Amino acid sequence: MTAETETPRAAGSCCSTDDAVAAEARTGAVTTVYEVKGMSCGHCEGAVSEEISGVEGVTSVQATASTGRVTVVSEAEPADEAVRAAVDEAGFELVGRA
């Protein structure tokens with residue numbers, strides 16, 4: 001089970017074959033994977049995703065409880081302390097970058 005949140009952005013052509021990840025790669029987006037301790041279900045994934053989505057510059061978050069991994073796509077390199085604060089706010093522990 002995974003939870004993903006995405007900040008709204010301008011939509012491309014309805015006929016485009018590009019997926020969001022490819023589009024983000026072309027625009028210079030940064031993907032960072034973190035390890036978060038304590039997630040065990042979809043509710044946990046949603047809580048972590050929601051909090052990290054509030055970090056400045058973050059465009060999407062995908063949390064996966066089964067692996068403890070959280071993938072963050074942002075406009076620039078995310079501030080680890082801001083991500084740590086968001087994870088703490090959700091009630092979990094940021095172990096570090098995966």
Side-chain angles (χ1 to χ4, degrees):
M1 186 178 296
T2 62
E4 184 171 354
T5 60
E6 190 165 325
T7 305
R9 68 180 119 226
S13 166
C14 64
C15 301
S16 174
T17 59
D18 295 342
D19 64 1
V21 173
E24 288 166 346
R26 284 193 306 276
T27 61
V30 175
T31 300
T32 309
V33 180
Y34 293 94
E35 185 177 344
V36 174
K37 188 174 177 183
M39 294 188 299
S40 61
C41 65
H43 182 304
C44 299
E45 295 169 341
V48 169
S49 294
E50 183 177 342
E51 290 297 332
I52 295 175
S53 291
V55 173
E56 185 175 343
V58 169
T59 57
S60 69
V61 179
Q62 182 174 5
T64 306
S66 62
T67 63
R69 301 288 170 103
V70 179
T71 302
V72 177
V73 178
S74 53
E75 297 167 352
E77 190 73 24
D80 288 343
E81 286 309 310
V83 174
R84 183 176 304 283
V87 171
D88 286 348
E89 183 66 29
F92 300 93
E93 179 185 347
L94 179 68
V95 175
R97 291 188 182 212

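Computed from a predicted structure; not experimentally measured.
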How close do [X] and [Y] get, counting heavy atoms only, and between which atoms?
X: A47; Y: A90; answer: O-CB, 3.7 Å
X: V70; Y: A63; answer: CG2-CB, 4.0 Å
X: A65; Y: C41; answer: CB-N, 3.7 Å

Could you give the distance from CE (M39) to CD (E45), rounded to the nearest 0.5 Å?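 Output value for this atom pair is 6.5 Å.
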If you measure from CD1 on I52 to CD on Q62, what distance do you get to the nearest 0.5 Å?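 It is 12.0 Å, given to the nearest 0.5 Å.
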Is there side-chain contact between [X] and [Y], with at least one heavy-atom pair below 4.5 Å?
X: V30; Y: V73; value: no
X: Y34; Y: V87; value: no
X: T71; Y: V61; value: no

Report yes or no: does S74 contribute a side-chain atom to a donor-acceptor pair with the main-chain N or O of A76 at less than 3.5 Å?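 Checking the backbone N and O of A76 against the side chain of S74, a donor-acceptor pair under 3.5 Å is found.
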Could I get the full list of side chain to side chain contact (heavy atoms under 4.5 Å, CB included) partners for A85, not counting sequence neighbours?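 Partners of A85 by the side chain to side chain contact (heavy atoms under 4.5 Å, CB included) criterion come out as none, since no residue qualifies.
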Show every salt bridge (Lys or Arg N to Asp or Glu O under 4.0 Å) that has at least one partner inside residues 84-96, sequence neighbours left out.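 Pairs touching residues 84-96 that pass the test: E81-R84.
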What residue pairs, at least two apart or across chains, pass salt bridge (Lys or Arg N to Asp or Glu O under 4.0 Å) with a residue in residues 51-75?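 As it turns out, there is no salt bridge (Lys or Arg N to Asp or Glu O under 4.0 Å) pair with a partner in residues 51-75 once direct neighbours are skipped.
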